[in-house]
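A short write-up of the structure that comes next.
Order of listing sets the numbers, starting from 1, for every ligand and every atom in it.
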Amino acid sequence: MNCRRCDQKAVIHMRQHKLALCAEHYLEWIPEQTERFIKKYGMFTRDEKILVAVSGGKDSLSLWDILARLGYQADGLYLGLGIDAGISYSHESQRLTEKFASEHNLKLHVVDIEKEYGKSIPVLADISYRGHGRPCAVCGLAKRHEMNRIARDFGYDVLATGHNLDDEAAVLFGNTLKWVGDYILRQGPVLPGTDGLARKVKPLCRFYEREMTAYAIARGIEYIYEECPFADGSQSIFHKEALNQLETARPGTKLIFYLSFLEAKNNGNLFVEKSAGQSQLHPCLKCGQPTSAPGLCSFCRMIEKAENPT
Ligand code: Q46
Ligand code: ZN
Ligand code: ZN
């Protein structure tokens, strides 16, 4: 199959778009499309300061690369989680992130959870769950808290993450199976900022995972191939596999699922309603971030509990 733009041999064929492109034109097409999504969903402007959450994986490094190529003011934030089960995952992902930042002359903030709070994510999870359960809930809580903290302390307008279409479709699928209306309503390419919380955006949310892999490889980006060891066997992987089966049988299913959801949400046709009393927020007594819990936010409560285990 040949490239639609130049007739060279294509390196990727996107059946859902009926589009095949060579490497050179694919590397143009991805930033063009990203720019289109940034404008379409009103994510940010060139005057705003963007903080990109980078994990050392293909999606977040590619996102950072694309935003830099498009001329946005995008700095990176790497969170050291202290996850070293077997493959030294955190160490290698930090090394690749720092390498990318220095090669592209980009500013990177590095926050090490253990240095900052005295305990790594697996240790905090062990304390919270008394040695049972996977650390993902604790990890997600800590990541959200630290991203918000750095965005606020360094004056970033917007927080960008590298979630791709496979991620978003899997989250939507999981939330739909459980019909959790609040979460479904909150999902989308942009989560507006509130007092004390930066706007959150997902510029890659319409690209398939395989498209991001192809971009990272064509750009020569060195990224960590391994998933976090705790991702194995998770609900989201199970939902991704189910969606992959649908996608194989009907190419374009994931994109249609996600875009139809956004359209229905936009038109007020979702048939889920916000539960009452959801948005009563006040500042956490310790860190000042908005929370609906009385007194301390859930992150600060977790840290207090880890410092004074009962
Ligand atoms: S939540 Fe869970 Fe991820 Fe944290 S512990 Fe690993 S798999 S990194 S996206
Ligand atoms: Zn071409
Ligand atoms: Zn707090």
Side-chain angles (χ1 to χ4, degrees), residues 1-14 19-30 32 53-60 78-87 89-90 92-94 97 113 116-117 120-126 128-129 133-149 152-153 161-164 166-168 170-171 174 196-197 209 214 218 224 226-240 281-307:
M1 187 152 315
N2 289 348
C3 172
R4 182 192 291 174
R5 292 190 181 175
C6 74
D7 233 25
Q8 299 273 335
K9 194 172 176 321
V11 295
I12 187 156
H13 177 210
M14 293 167 283
L19 178 66
L21 292 169
C22 71
E24 186 192 333
H25 286 119
Y26 187 60
L27 289 177
E28 284 176 13
W29 183 81
I30 288 278
E32 281 166 17
V54 270
S55 65
K58 63 181 185 318
D59 302 299
S60 55
Y78 176 85
L79 294 176
L81 306 170
I83 295 175
D84 283 313
I87 54 156
Y89 171 79
S90 288
E92 183 61 1
S93 58
Q94 181 169 349
T97 305
I113 299 282
E116 205 69 37
Y117 298 98
S120 68
I121 293 295
V123 172
L124 284 170
D126 267 353
S128 294
Y129 303 128
R134 57 175 74 239
C136 294
V138 165
C139 181
L141 182 66
K143 285 199 275 198
R144 280 193 298 280
H145 188 273
E146 292 304 283
M147 288 194 277
N148 285 325
R149 181 173 71 83
R152 181 192 63 188
D153 290 358
T161 55
H163 294 96
N164 59 39
D166 293 50
D167 299 323
E168 291 302 290
V171 169
L197 287 183
E209 179 166 3
I224 186 157
E226 288 85 6
E227 292 266 354
C228 169
F230 296 111
D232 209 23
S234 67
Q235 282 252 334
S236 73
I237 298 233
F238 173 65
H239 293 147
K240 278 184 180 174
L281 297 178
H282 57 82
C284 163
L285 294 177
K286 192 168 170 196
C287 72
Q289 288 193 20
T291 175
S292 54
L296 300 185
C297 73
S298 18
F299 177 80
C300 291
R301 251 184 296 134
M302 173 186 74
I303 295 293
E304 288 232 323
K305 192 172 160 197
E307 283 166 353

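- A salt bridge does not link Arg301 to Glu304: none of the charged nitrogens lies less than 4.0 Å from a carboxylate oxygen.
- For Asp166 against Glu209, the heavy-atom pair with the smallest separation is OD1-N, 2.8 Å.
- Under 4.0 angstrom from ligand 1, there are no non-hydrogen atoms of Ile121.
- Residue-and-atom listing of protein N/O/S atoms under 2.8 Å from atom 2 (Fe) of ligand 1, sorted by chain and number: Cys136 SG.
- One distance of note links CG of Leu197 with CG of Asn148; it measures 4.5 Å at 0.5 Å rounding.
- Looking only at side-chain heavy atoms (C-beta outward), Pro229 and Ile83 come within less than 4.5 Å of each other.
- The minimum heavy-atom distance linking Arg4 with Leu21 is given by the pair N-CD2, 4.5 Å.
- The side-chain hydrogen bond (donor to acceptor under 3.5 Å, both in side chains) check on Ser55 picks up Ser60, with sequence neighbours excluded.
- Among all heavy-atom pairs drawn from Gly288 and Arg152, the shortest one is C-NH1, 3.8 Å.
- Distances shorter than 2.8 Å separate the Zn ion (ligand 3) from the protein N/O/S atoms Cys284 SG, Cys287 SG, Cys297 SG, Cys300 SG.
- Contacts classified as salt bridge (Lys or Arg N to Asp or Glu O under 4.0 Å) and involving residues 21-30 (residues at least two apart or in different chains) are given here: Arg5-Glu28.
- Set against the non-hydrogen atoms of Lys143, the atoms of ligand 1 under 4.0 Å away are 3 (Fe), 4 (Fe), 8 (S), 9 (S).
- Looking only at side-chain heavy atoms (C-beta outward), Pro283 and Pro290 stay at 4.5 Å or farther from each other.
- Between Cys139 and Leu81, the closest heavy-atom pair is SG-CD1, 3.9 Å.
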